[in-house]
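Have a look at the structure below before the remarks.
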Amino acid sequence: MSTPASIPASTVPGTPADSPAPGSAVSVTPVVVRLKLSLLRNGLRQSGGRRAAYVTSVVVVLLVAALQLLGLIALRGSPHALSVTAPLVLVLALGWAVMPLFFPGGDETLDPTRLVMLPLRPRPLVRALLAASLIGIGPLFTLCLLVGSVISVAHGTAAYATAVVAVAVALLVCVALARAVAAANIRLLSSRKGRDLAVLSGLVIAVGAQLVNFGAQRIGSAGGLTELDPVADVLRWVPPASAIGAVDSVSEGSYAAGAVQLALGVAALAGLLALWSRHLTRLMTSPDGSTLRAAEPARERGPSGLARLLPSGRTGTVMERSLRYVWRDPKTKSAWVTSLAIGLIVPVFNALQGTGSVYFACFAAGMLGIQMYNQFGQDTSAFWMVAMTISSPRDACVELRGRALALLVITLPYATLVTVLTTALLGDWGRLPEVLGLSLALLGAMLATGAWSSARFPYSIPQEGYKNVAPGQAGLAWISIFGGMVSAALLSAPVIALTIWVNVASDGDRWSWLLLPLGAGYGALVALLGLRMAAPRTARRLPEILAAVSKG
């Protein structure tokens, strides 16, 4: 068969020109690298907004990297330079390890299951994907920090020669670590439950920021970078920080120690590549859920677990549905995890630093009380099924009451635990009743205003992406949350005023214990009144609520 003139013979599969010469092998690496560049280029072509966001992110990352580079170079000559660079490189490696778990969709080439139908062997594929992984903002940022780290500790020609190898080894270890983690968890990350791991990002970022802040304050008050010297003595032997430690050892004339530290980095790289290759082999040869026999239908079972403890009727059904949203819906779970983390971090870390107050414990009840706002927006378009069951203000009241009780199932023990923990850390047990009473009063006020705000200012929560408000509804969200919080503070004013009077009065300590039952009773009364007042508005505005929450 003759080849058409418009198609060169060398491009037709099966022709002699298409076959490699004897003894030669076609490298996969250039193909995968071009694939990565094509994915990046085609993604930027989708919209001008995406191009602008990418360019802005590149500029910001480069600016931060440049500032970090200058800061690290400024450490040159300092006896504590390694005390800064060794933990920094370890933190970088940790970031590379966890980022695939939090953002599995950030890089299309992270998913090797897209290549399982191609006739590729694991080892050439590992080399190709490793080269492709070096393209992007993350590797460039890491490279800048690594270069600054080795410059800060390198002294002499031998040290600079070692630094070139050390930077390459450390960078490859970080990239290989990310790839190995992604390959080991790709089945989980590509599932619905696996994607829920991304909700932990808010918790990790919040906790990590507070830990960094706490550590920086302790270092500043305890003698500066000298406190990090014992830590650096250990981390300089842990890959990939051992590569930076090798440069420092060579600078000091310890060539044997430098060789061992550099060898540890190379060994870690080899081990990660072997682990990555093993997981790739398993992914390309083992069956997945699409090739396994369907599971047998599950037998019908009665209520189990928490459902057995909930009240019967519509109230229990609403509570169970709300709690299932908290456990299963990614957006709802993300909001709860973030509120739980911040509600604990703020009072506890301030107490550990010695700058906190026992009243910071009210932050826990306040953060979880926010979850009462926009109750119907959490249902998104599925709210129409709930709306079909509401035909009167009484039905609306039962619906709102069930949602409020579901929130209290988590909030009451959590707020109590945070209050007791904060009080114990500060040793101010005398104020425990009044602080707990104030927290309960604030929680009741937020339940009341949250129920009313959910009916008056509903808005949609998009299910895809990281946005929590649908386009065009940001104003509603601000009014709903911040307006409701101000109203809750005003509703809590009587208990706040009573708490102030008890602390000012000379014999107030005798009556401070009364603030616990008074605050709890006041919070319960305000919550019940708020639910009853919000019920008629909810039943009357069902069509408007359904239209608002279905926009996303």
**Study point:** Stepwise side chain to side chain contact (heavy atoms under 4.5 Å, CB included) check, V398 with V318
**Key:** CA-CA 9 Å; V398 175; V318 174; 5.7 Å; no
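- Here the side chains of P87 and L235 are in contact, with some heavy-atom distance below 4.5 Å.
- The shortest non-hydrogen separation linking L177 to A93 is CD2-O, 3.4 Å.
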Atom pairs and distances, donor-acceptor, side-chain atoms in residues 485-498, under 3.5 Å, two or more places apart:
unit_1, atom_1, unit_2, atom_2, d
S487, OG, G483, O, 3.0
S492, OG, A488, O, 2.9

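- With hydrogens and angles ignored, the 3.5 Å screen pairs a side-chain donor or acceptor of T317 with a backbone N or O of G313.
- By the side chain to side chain donor-acceptor pair (under 3.5 Å) test, S339 is found to be paired with Q371, residues two or more places apart in sequence or in another chain being considered.
- With rounding to the nearest 0.5 Å, the separation of CG in L425 from CZ in F349 is 11.0 Å.
- By the side-chain contact (heavy atoms from CB on, under 4.5 Å) test, S391 is found to be paired with D395, residues two or more places apart in sequence or in another chain being considered.
- The CE atom of M385 sits 11.0 Å away from the CG atom of L546 when rounded to the nearest 0.5 Å.
- When all heavy atoms are compared, the tightest approach of L438 to T499 is CD1-OG1, 4.3 Å.
- At distances below 3.5 Å, not a single donor-acceptor pair connects side-chain atoms of K333 with backbone N or O atoms of V326.
- Side chain of S460 to main chain of V549: a donor-acceptor pair is present (N/O by atom type, distance under 3.5 Å, no hydrogens or angles).
- Heavy-atom minimum distance, S439 versus A365: O-CB, 3.7 Å.
- Annotation for L531 and A451: closest pair CD2-CB, 3.6 Å, computed over non-hydrogen atoms.
- Between L368 and W336, some side-chain heavy-atom pair lies under the 4.5 Å cut-off.
- Here the OH atom belonging to Y414 is positioned 5.0 Å from the CG atom belonging to L340, to the nearest 0.5 angstrom.
- Residues satisfying the side chain to side chain donor-acceptor pair (under 3.5 Å) criterion with S454, sequence neighbours excluded, are absent altogether.
- Applying the salt bridge (Lys or Arg N to Asp or Glu O under 4.0 Å) test to pairs two or more places apart or on separate chains, those with a residue in residues 401-420 are D379-R403, E399-R403.
- The heavy-atom pair separating A415 from A364 by the smallest distance is CA-CB, 4.5 Å.
- Side-chain contact check for W96 versus T142: some heavy-atom pair is nearer than 4.5 Å.
- The closest side-chain heavy-atom distance from L542 to I390 is below 4.5 Å.
- Here L432 pairs with T419, V420, T423, W429 under the side-chain contact (heavy atoms from CB on, under 4.5 Å) rule; sequence neighbours left out.
- Put simply, OG on S357 and CG on L426 are 7.5 Å apart, with the number rounded to the nearest 0.5 Å.
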Check your understanding: Do E434 and W513 pass the side chain to side chain contact (heavy atoms under 4.5 Å, CB included) test, and can you show the C-alpha distance, the side-chain angles, and the key distance before you say yes or no?
Key -> CA-CA 6 Å; E434 61 185 78; W513 64 272; over 6 Å; no
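- Residues L344 and L421 form a side-chain contact, since some pair of their non-hydrogen atoms from C-beta on lies under 4.5 Å apart.
- Once rounded to the nearest 0.5 Å, the distance linking CD of Q68 with CG of L63 reads 10.5 Å.
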Review point. Would R431 and S512 satisfy side-chain hydrogen bond (donor to acceptor under 3.5 Å, both in side chains), going step by step from the backbone distance to the final call?
Key: CA-CA 7 Å; R431 298 188 185 277; S512 62; over 6 Å; no
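- Here the side chains of V175 and S133 are in contact, with some heavy-atom distance below 4.5 Å.
- Here the OG1 atom belonging to T332 is positioned 4.5 Å from the CD atom belonging to Q378, to the nearest 0.5 angstrom.
- With no hydrogens or angles considered, a side-chain donor-acceptor pair links T389 and R314 at under 3.5 Å.
- Counting only residues at least two apart or on different chains, the ring pair (Phe, Tyr, Trp, His ring centres under 6.0 Å) pairs with a member in residues 474-499 are W478-F482.
- Residues passing the side-chain contact (heavy atoms from CB on, under 4.5 Å) test with F363, sequence neighbours excluded: I342, V346, M367.
- For T422, there are no side chain to side chain donor-acceptor pair (under 3.5 Å) partners two or more places apart in sequence or in a different chain.
- Counting only residues at least two apart or in different chains, side-chain hydrogen bond (donor to acceptor under 3.5 Å, both in side chains) contacts with residues 517-542 are absent.
- Residue pairs that meet the ring pair (Phe, Tyr, Trp, His ring centres under 6.0 Å) test with at least one member in residues 366-398, sequence neighbours left out, are F376-F383.
- Residues that satisfy the side-chain contact (heavy atoms from CB on, under 4.5 Å) test with L408, not counting sequence neighbours, are L405, L412, L443, L447.
- Closest approach of A520 and L440 over heavy atoms only: CB-CD1, 3.7 Å.
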Review point. Should I410 and L323 be marked as a side chain to side chain contact (heavy atoms under 4.5 Å, CB included) after you check the CA-CA gap, both sets of side-chain angles, and the distance that decides it?
Key: CA-CA 9 Å; I410 302 174; L323 293 174; 4.1 Å; yes
